[in-house]
Amino acid sequence: MISELKTFIAVCKHGTFAAAGERIGLTQSAVSSQIRRLEESLGFALFDRTGRSATLNERGQGTLERAKEICALYEKLGDAPDDASLNGLLRIGAIASAQPTLLARALERLRQIHPRVRVHVAPGVSMHLMDDLDTGKIDAALIIRPPFGMLPDLTWQPLVQEPFVLVVPNAVRGKDWRTLIQTQPFLRYDRASFGGRMVEGFLRREGLSVNDAVEIDEIAGLIHLASKGLGVALVPLVEAHVPLPPGVRAVSLGEFTFYREIGLLRRKPRLTPPIVAQFAECLLEASQTRPTTQARRKKTPALR
């Protein structure tokens, strides 16, 4: 019944029998046959059928979570038992801005504890890394907190909060961030990213109109463009990009400051290898051993 359970999960994920069939390489009729066999074996219907449409019913919703657990356990049947699982391959997805700082400190600690563990780090934006976690390509994702709800079989571990500031070329005078945002060319954090959505939400809440000049997804790129005098940008003050480069200053948003939260998204402990929990502990320790605020201020231009 494993294949039928996997097909059932695919239907729930992709919305229709036809869409699921395209993703897993089956015809729509084959998908229908598998779902029918699964329902006959369980003794109840998983979907309410009306004409050609099928909607997951209450029994189906309850079965979905159990199906995911069963399939996850099935995938682990070939894993090495006990402590050997702490010495295997750890697959981590991580956004670029966290890799040289938070992630690096965590991996340093993890390798000290488990020197035989192998680690593969997959780069990407938060949304894509969430998809990779959902499909089993990675074991955990170090990302920006999603601006929407998460599936019940996932757990979120908050690590650090990064304040957004307005990055302004030194040649541009003024301390009023509202005026600067609306009068200078605006370097936009890509709206397809979680961070970019936060910027867009902030602009709408504050009723700010901007003169869009460039839109990219790299924080370092936005800061560099601002240092070249190409405009101003709302970016999170990320440890990896402190101190700011010459030619640019950070203007505080004061009481209107908003934050992006960086954390670890993973499946619940019963669905993950033990090494993931060890890595999560190392990450938490790494988040608490960041350079002190006082030390950063010595290197960073004061917020204005």
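Residue numbers count from 1 along this sequence.
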Which pairs of donor and acceptor atoms, one on a side chain in residues 13-21, lie under 3.5 Å apart (sequence neighbours left out)?
unit_1: Lys13; atom_1: NZ; unit_2: Asp134; atom_2: OD2; d: 3.1
unit_1: Thr16; atom_1: OG1; unit_2: Ala19; atom_2: N; d: 3.0

Gln34 side, atom CD; Ser3 side, atom OG - distance, nearest 0.5 Å: 4.5 Å

Roughly how far, to the nearest 0.5 Å, is the CG atom of Leu64 from the CZ atom of Phe8? 5.0 Å

Indicate if Ile219 and Leu103 have the same hydrophobic cluster label, given that clusters are the connected sets of ILVMFWY residues with side-chain heavy-atom separations under 4.5 angstrom. yes

Less than 4.5 Å apart, any side-chain heavy atom of Trp177 and any of Val232? no

Nearest heavy-atom approach of Leu129 to Gly124 is CD1-O, 3.5 Å

Quick one: OG on Ser126 to CG on Leu265, what's the gap to the nearest 0.5 Å? 9.5 Å

Contacts of Gln112 that satisfy side-chain contact (heavy atoms from CB on, under 4.5 Å) - sequence neighbours left out: Glu108, Arg109

Joint hydrophobic cluster, Ile275 plus Leu283, side-chain heavy atoms closer than 4.5 Å: yes

Name the atoms and distances for all side-chain donor-acceptor pairs under 3.5 Å in residues 199-206, with sequence neighbours left out.
unit_1: Glu200; atom_1: OE1; unit_2: Arg188; atom_2: NH1; d: 2.6
unit_1: Glu200; atom_1: OE2; unit_2: Arg204; atom_2: NE; d: 2.8
unit_1: Glu200; atom_1: OE2; unit_2: Arg204; atom_2: NH2; d: 3.2
unit_1: Glu206; atom_1: OE1; unit_2: Arg178; atom_2: NH2; d: 2.7

Residues, nucleotides or ligands: over 12 heavy atoms within 6.0 Å of Arg197 CZ: yes

Less than 4.5 Å apart, any side-chain heavy atom of Leu38 and any of Thr63? no

Separation of Leu264 CG from Glu281 CD (nearest 0.5 Å): 11.5 Å

How far does CG of Leu244 sit from CG of Leu237, to the nearest 0.5 angstrom? 6.0 Å

Ignoring hydrogens, what is the shortest heavy-atom contact between Pro236 and Tyr189? Give both atom names and the distance. CD-CE1, 3.8 Å

Determine whether Ile92 and Leu90 make a side-chain contact, defined as any pair of heavy atoms from C-beta on separated by less than 4.5 Å. yes

Salt bridge (Lys or Arg N to Asp or Glu O under 4.0 Å) against Arg260, all qualifying residues, sequence neighbours excluded: Glu162

Where do Ala106 and Ala286 come nearest, in terms of heavy atoms and distance? N-CB, 3.8 Å

Sorted by chain and number, sequence neighbours left out, side-chain hydrogen bond (donor to acceptor under 3.5 Å, both in side chains) with Arg23 holds for none

Side chains of Val31 and Leu26: does their closest heavy-atom pair fall under 4.5 Å? yes

List the steps and the verdict of side chain to side chain contact (heavy atoms under 4.5 Å, CB included) for Cys282 and Leu107. CA-CA 7 Å; Cys282 292; Leu107 291 180; over 6 Å; no

Distance-minimising heavy-atom pair for Cys71 and Lys6: SG-CG, 3.8 Å

If you define the side chain from C-beta out and look only at heavy atoms, does anything of Glu4 sit under 4.5 Å from Thr7? no

Looking at every heavy atom in both Val121 and Pro123, which two are closest together, and how far apart are they? O-CD, 3.7 Å

Distance-only, no hydrogens or angles: does the Gln99 side chain make a donor-acceptor pair with backbone N or O of Ala94 under 3.5 Å? yes

Let me see the working for Phe279 and Ile113 under side chain to side chain contact (heavy atoms under 4.5 Å, CB included), right down to the final yes or no. CA-CA 10 Å; Phe279 173 66; Ile113 302 172; over 6 Å; no

Pairing of Arg105 and Glu239 as salt bridge, 4.0 angstrom limit: yes

By side-chain contact (heavy atoms from CB on, under 4.5 Å) - contacts of Ser227 (at least two apart): His224, Pro245, Val248

Under the side chain to side chain contact (heavy atoms under 4.5 Å, CB included) rule, what do Leu142 and Ile95 come out as? Steps first, then yes or no, please. CA-CA 6 Å; Leu142 183 59; Ile95 56 175; 5.5 Å; no

How many angstroms lie between atom CG of Asp176 and atom CD of Gln182, to the nearest 0.5 angstrom? 9.0 Å

According to salt bridge (Lys or Arg N to Asp or Glu O under 4.0 Å), who are the partners of Asp139, at least two apart in sequence or on a separate chain? Arg91

With Phe164 via ring pair (Phe, Tyr, Trp, His ring centres under 6.0 Å) - residues at least two apart: Phe258

Can you check whether Leu154 reaches Lys268 side chain to side chain, under 4.5 Å on heavy atoms? no

Is there a path of hydrophobic side-chain contacts, each under 4.5 Å between heavy atoms of I/L/V/M/F/W/Y residues, joining Ile262 to Met130? yes

Membership question, hydrophobic clusters at under 4.5 Å side-chain separation (ILVMFWY): are Trp156 and Val276 in the same one? yes

Within 6.0 Å of CZ in Arg66, more than 12 heavy atoms from elsewhere: no

Give the cluster check for Val238 versus Leu253: same hydrophobic cluster or not, with ILVMFWY residues linked at side-chain heavy-atom distances below 4.5 Å. yes

Just by distance, do the side chain of Glu215 and the backbone of Arg191 share a donor-acceptor pair under 3.5 Å? yes

Student check: side-chain heavy atoms of Pro185 and Leu230 closer than 4.5 Å: no

Can you sort out the partners of Phe148 under ring pair (Phe, Tyr, Trp, His ring centres under 6.0 Å), two or more places apart, ordered by chain and number? Phe194

Restricting to side-chain hydrogen bond (donor to acceptor under 3.5 Å, both in side chains), what partner residues turn up for Ser41, sequence neighbours left out? none

Listed by chain and number, what are the side-chain contact (heavy atoms from CB on, under 4.5 Å) partners of Ala45, not counting sequence neighbours? Glu39, Asn57

side-chain hydrogen bond (donor to acceptor under 3.5 Å, both in side chains) partners of Arg111, counting only residues at least two apart: none

Given the rule in the side chain to side chain contact (heavy atoms under 4.5 Å, CB included) test, do Ile181 and Thr179 qualify, once you have shown the distances and angles that lead to the verdict? CA-CA 6 Å; Ile181 286 176; Thr179 300; over 6 Å; no

Looking only at heavy atoms, what is the nearest atom pair of Ala140 and Arg266, with distance? CB-CB, 4.0 Å

Is the shortest side-chain heavy-atom distance between Glu261 and Ile144 below 4.5 Å? no

